[in-house]
Number of protein chains: 4
Amino acid sequence: MAPDDLYNETQPDVSQKAADCRRRSERCHQAILTAAAELLEEKGYGGVSVEAIASRAGVGKQTIYRWWACKASVVMEAYAKQVNQNLPLPDTGCVKTDLGDMLGQLAVVLGTTSAGSALAGLIAEAQTDPHVAQEFRHQMIACRRAAAQTLLQRGIDRGELRPDLDLDLAIDALCGPIWYRLLLRHTPLDREFAIALIDQLMAGITA
Amino acid sequence: MAPDDLYNETQPDVSQKAADCRRRSERCHQAILTAAAELLEEKGYGGVSVEAIASRAGVGKQTIYRWWACKASVVMEAYAKQVNQNLPLPDTGCVKTDLGDMLGQLAVVLGTTSAGSALAGLIAEAQTDPHVAQEFRHQMIACRRAAAQTLLQRGIDRGELRPDLDLDLAIDALCGPIWYRLLLRHTPLDREFAIALIDQLMAGITA
Amino acid sequence: MAPDDLYNETQPDVSQKAADCRRRSERCHQAILTAAAELLEEKGYGGVSVEAIASRAGVGKQTIYRWWACKASVVMEAYAKQVNQNLPLPDTGCVKTDLGDMLGQLAVVLGTTSAGSALAGLIAEAQTDPHVAQEFRHQMIACRRAAAQTLLQRGIDRGELRPDLDLDLAIDALCGPIWYRLLLRHTPLDREFAIALIDQLMAGITA
Amino acid sequence: MAPDDLYNETQPDVSQKAADCRRRSERCHQAILTAAAELLEEKGYGGVSVEAIASRAGVGKQTIYRWWACKASVVMEAYAKQVNQNLPLPDTGCVKTDLGDMLGQLAVVLGTTSAGSALAGLIAEAQTDPHVAQEFRHQMIACRRAAAQTLLQRGIDRGELRPDLDLDLAIDALCGPIWYRLLLRHTPLDREFAIALIDQLMAGITA
DNA sequence: CTATAAGCGAGACGGTACGTCCCGTCTTAGA
DNA sequence: TCTAAGACGGGACGTACCGTCTCGCTTATAG
């Protein structure tokens with residue numbers, strides 16, 4: 001999925017119809033996303049409210065509601081770029097290294113930056129609002145899973161992984177624990193954890 | 001961990017001191033828990049509010065706040081029993097079967113009953129309120145992890161599992177994906193999933 | 001007062017300067033007034049908003065604000081014609097008949113047509129916005145009072161009315177109750193009321 | 001009508017049912033009415049908003065909406081007392097003096113105090129909201145008309161006024177012009193005006 | 001017979017206020 | 001003395017219009 005595709009719904013292709021009279025103000029768009037990110041960094045997801053974003057961005061509330069359905073959508077867009085642009089798709093020829101790069105980066109982003117609080121908040125909101133859940137899966141999860149699939153398939157093709165591997169199951173086994181630690185915070189979430197997870201899954205735990 | 005310990009903070013030991021002028025009304029206690037469970041079943045976690053619980057239970061709001069810190073605590077207590085009483089600690093002599101029993105039951109409870117919505121809602125709330133997070137880990141996670149630890153240790157002792165196994169890591173690898181599916185709902189959560197997960201982790205994914 | 005004078009502020013004299021590159025579109029002008037009148041008829045003064053007028057007239061909001069200061073001005077212009085064109089200046093030789101014609105017609109227009117709701121709404125708005133108040137007195141009240149003054153003066157000249165009559169006071173005594181009933185709606189507003197009012201004022205209420 | 005009757009809807013008879021658990025806070029009640037009156041005095045009716053009242057009174061908005069339907073109702077209650085407590089019911093034996101007292105006081109209150117702006121604003125709002133109109137007639141108009149009726153009837157009984165007098169019509173003729181001047185503000189509203197009005201109506205305007 | 005300066009439709013924008021919901025605390029009458 | 005009922009201060013929600021603004025198209029003189 002091309003990263004530009006992510007905004008199709010809220011920011012329709014501009015070149016297609018030049019006759020829109022007054023188009024979306026890019027200045028606002030950015031001000032809002034920036035305000036949302038700042039608030040998140042300062043006060044965490046709970047400290048973000050549509051009114052706070054509007055006031056921080058120097059914008060009317062209606063301008064936010066004109067383009068986004070709720071604060072979750074704003075936060076989602078504010079972090080989609082950060083989370084997905086950094087998405088590496090390494091190809092070192094070794095599946096363990098590739099997965100380590102990818103999941104290590106995910107663990108670090110979630111564990112040490114404000115993106116962790118942002119995405120945890122979004123998952124929280126998704127439990128209440130199915131539309132947020134849908135959008136979250138689409139924007140935050142789908143492309144990561146697709147990338148992981150590519151990596152694993154290459155591993156299979158190279159004969160590193162079992163040919164009968166269930167890709168979805170393997171991805172759940174790799175990503176699940178990372179999100180689990182993000183949400184439960186029972187133990188730290190860092191690169192080492194990701195690496196150890198991969199090692200363990202590849203080798204198996206049987207004696 | 002003694003199960004009674006779980007309520008120490010919110011439900012001070014009633015038997016301990018008979019000299020309280022008037023002690024907690026068991027009728028209220030039950031009515032509130034029942035009301036919470038009913039509302040959860042009917043409207044999901046989002047449809048539960050302290051006011052709704054109070055009105056449904058025929059109880060003043062204050063009576064709820066006297067004994068619990070917030071609605072999350074109520075829901076937690078309402079489901080702790082259900083989730084933890086069913087906690088099996090099988091000992092069939094085969095670690096794969098034992099884990100399958102335990103995680104299969106977890107997957108089924110989370111995937112098909114209202115407990116799924118309840119616990120997902122609690123995790124959501126935990127993202128905002130650290131106290132809820134703490135209590136959730138204590139009441140909902142800790143004893144399960146302890147049980148899993150016992151199972152895995154037996155497997156090691158019997159020579160079924162690698163002796164250098166990192167128990168915490170293995171438990172994350174087993175439970176993480178289940179909670180991940182509960183919260184993301186990208187694919188169904190059932191016994192088969194749990195079994196497949198265990199199989200995959202035990203055997204590893206290397207060719 | 002020449003009726004054309006009434007629009008001087010909002011509708012600058014078109015004939016005066018032919019050198020404007022592009023002059024006011026008469027089509028728009030009419031469409032806006034018509035839309036305002038329709039909305040008023042359908043939903044009353046409260047249902048009229050600048051946005052509703054614009055959308056109904058198929059016109060941009062700016063086109064309205066280019067020519068009028070606020071919705072009150074639009075409504076005022078839409079009804080000034082109707083209210084003032086019908087302004088009779090009868091001269092039957094009998095002041096009671098003359099007043100009866102004039103005030104009877106006023107009572108009927110206010111009491112039974114949408115002009116009642118329109119003018120009531122305008123007075124309402126005038127309480128908040130002094131500019132509307134000013135314009136309202138100028139467009140809706142002044143010419144009517146002038147006409148009444150003429151009628152009464154003729155009555156004095158003919159010896160029908162007391163020569164020391166305070167014209168302004170008499171006009172207030174005649175018109176006040178009509179507007180009062182329009183705004184309070186405690187009793188119906190019709191021709192009979194106007195006639196009775198005149199009779200009573202002329203004869204006095206002393207035994 | 002007993003003045004206490006006026007609050008029946010918003011302030012139900014307390015003695016009737018002693019079983020209300022927590023009753024309306026009189027402190028709030030007063031704080032809100034005071035805040036409303038202050039705001040009105042400072043900024044006029046247009047400067048009053050429910051949010052401003054709430055913030056000035058140090059009260060949640062909901063506390064206002066719990067007891068009143070809209071800001072008009074609050075303002076109405078805030079001024080009902082002032083307007084109606086001052087309602088004189090003189091009995092000097094001379095109907096002209098009695099009416100002069102009563103209408104003079106009305107003219108002065110409306111013309112020189114903030115009650116004028118308040119009542120004008122209420123009439124304005126009544127044009128949009130029929131419920132306000134209804135309440136306004138009931139609280140602000142009815143008792144005044146009743147009092148005037150009493151005065152006039154005494155005049156008839158004493159032989160000062162025509163025995164066939166239409167009381168409602170006479171009251172409209174007396175009060176209408178006063179409200180008319182309040183709302184149009186084309187000429188000042190003072191005691192002299194009220195007196196002159198009465199004189200003119202009593203004597204009639206015929207030569 | 002252009003060219004150019006409005007007028008125009010569309011509607012985004014910063015604001016203000018609305019009326020609603022629920023939170024967690026506080027108050028009160030009565031069991 | 002504790003409970004139910006529910007009022008309270010507070011804060012965010014999402015909506016409706018306000019009056020201003022910007023855009024790209026259209027149109028009617030003025031040069």
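Letters A, B, ... are given to chains in the order of the sequence lines, protein chains preceding strands, and every chain is numbered from 1. Predicted model, so just to flag it, every value in this text is computed and none were measured.
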The residue, C:Val59 or D:Gln62, whose nearest nucleotide of DNA chain E is more 5′ is C:Val59
Those stems involving DNA chain E that have three or more consecutive Watson-Crick or G-U pairs, both distances under 3.5 Å, are E:1-31 with F:1-31
State, yes or no, whether a side-chain contact exists between B:Ser114 and B:Tyr79 at a heavy-atom distance under 4.5 Å. yes
field: Side-chain heavy atoms of B:Glu42 within contact of B:Arg56, under 4.5 Å
entry: yes
note: B:Arg27, atom CZ; E:dA31, atom P; distance rounded to Å ~ 15 Å
**Prompt:** Would a 4.5 Å heavy-atom cut-off, applied to side chains only, mark C:His29 and C:Glu26 as touching?
**Reply:** yes
Closest to the 5' end of DNA chain F, once A:Lys71 and D:Ala57 are matched to their nearest nucleotides, is D:Ala57
Of the listed E:dA17, F:dC8, F:dA12, the closest approach to the A:Lys61 side chain comes from E:dA17
(Q) Would you say C:Arg66 places a side-chain N or O within less than 4.0 Å of OP1 or OP2 belonging to E:dC8? (A) yes
B:Ile32 atom CD1 is separated from F:dC2 atom P, nearest whole Å, by 16 Å
Within residues 34-54 of chain D, the residues having a heavy atom closer than 4.0 Å to DNA chain E are D:Ser49, D:Val50, D:Glu51
Q.
Does any part of the side chain of B:Ile32, heavy atoms only, come nearer than 4.5 Å to the side chain of B:Trp68, both counted from C-beta?
A. yes
Quiz item: Just wondering, do D:Tyr45 and C:Thr128 contact through their side chains at under 4.5 Å, heavy atoms?
Solution: no
By salt bridge (Lys or Arg N to Asp or Glu O under 4.0 Å), A:Lys71 pairs with (sequence neighbours left out) none
Testing E:dG24, F:dT3, F:dC23 for proximity to the side chain of B:Cys28, the answer is F:dT3
Ranking A:Cys70 and D:Thr63 by the position along DNA chain F of their nearest nucleotide, the one closer to 5' is D:Thr63
Q) Do C:Leu122 and C:Leu119 come within less than 4.5 Å of each other through their side chains, counting heavy atoms only? A) yes
What one should report as the nearest heavy-atom pair of D:Val74 and D:Ala36 is CG1-CB, 3.8 Å
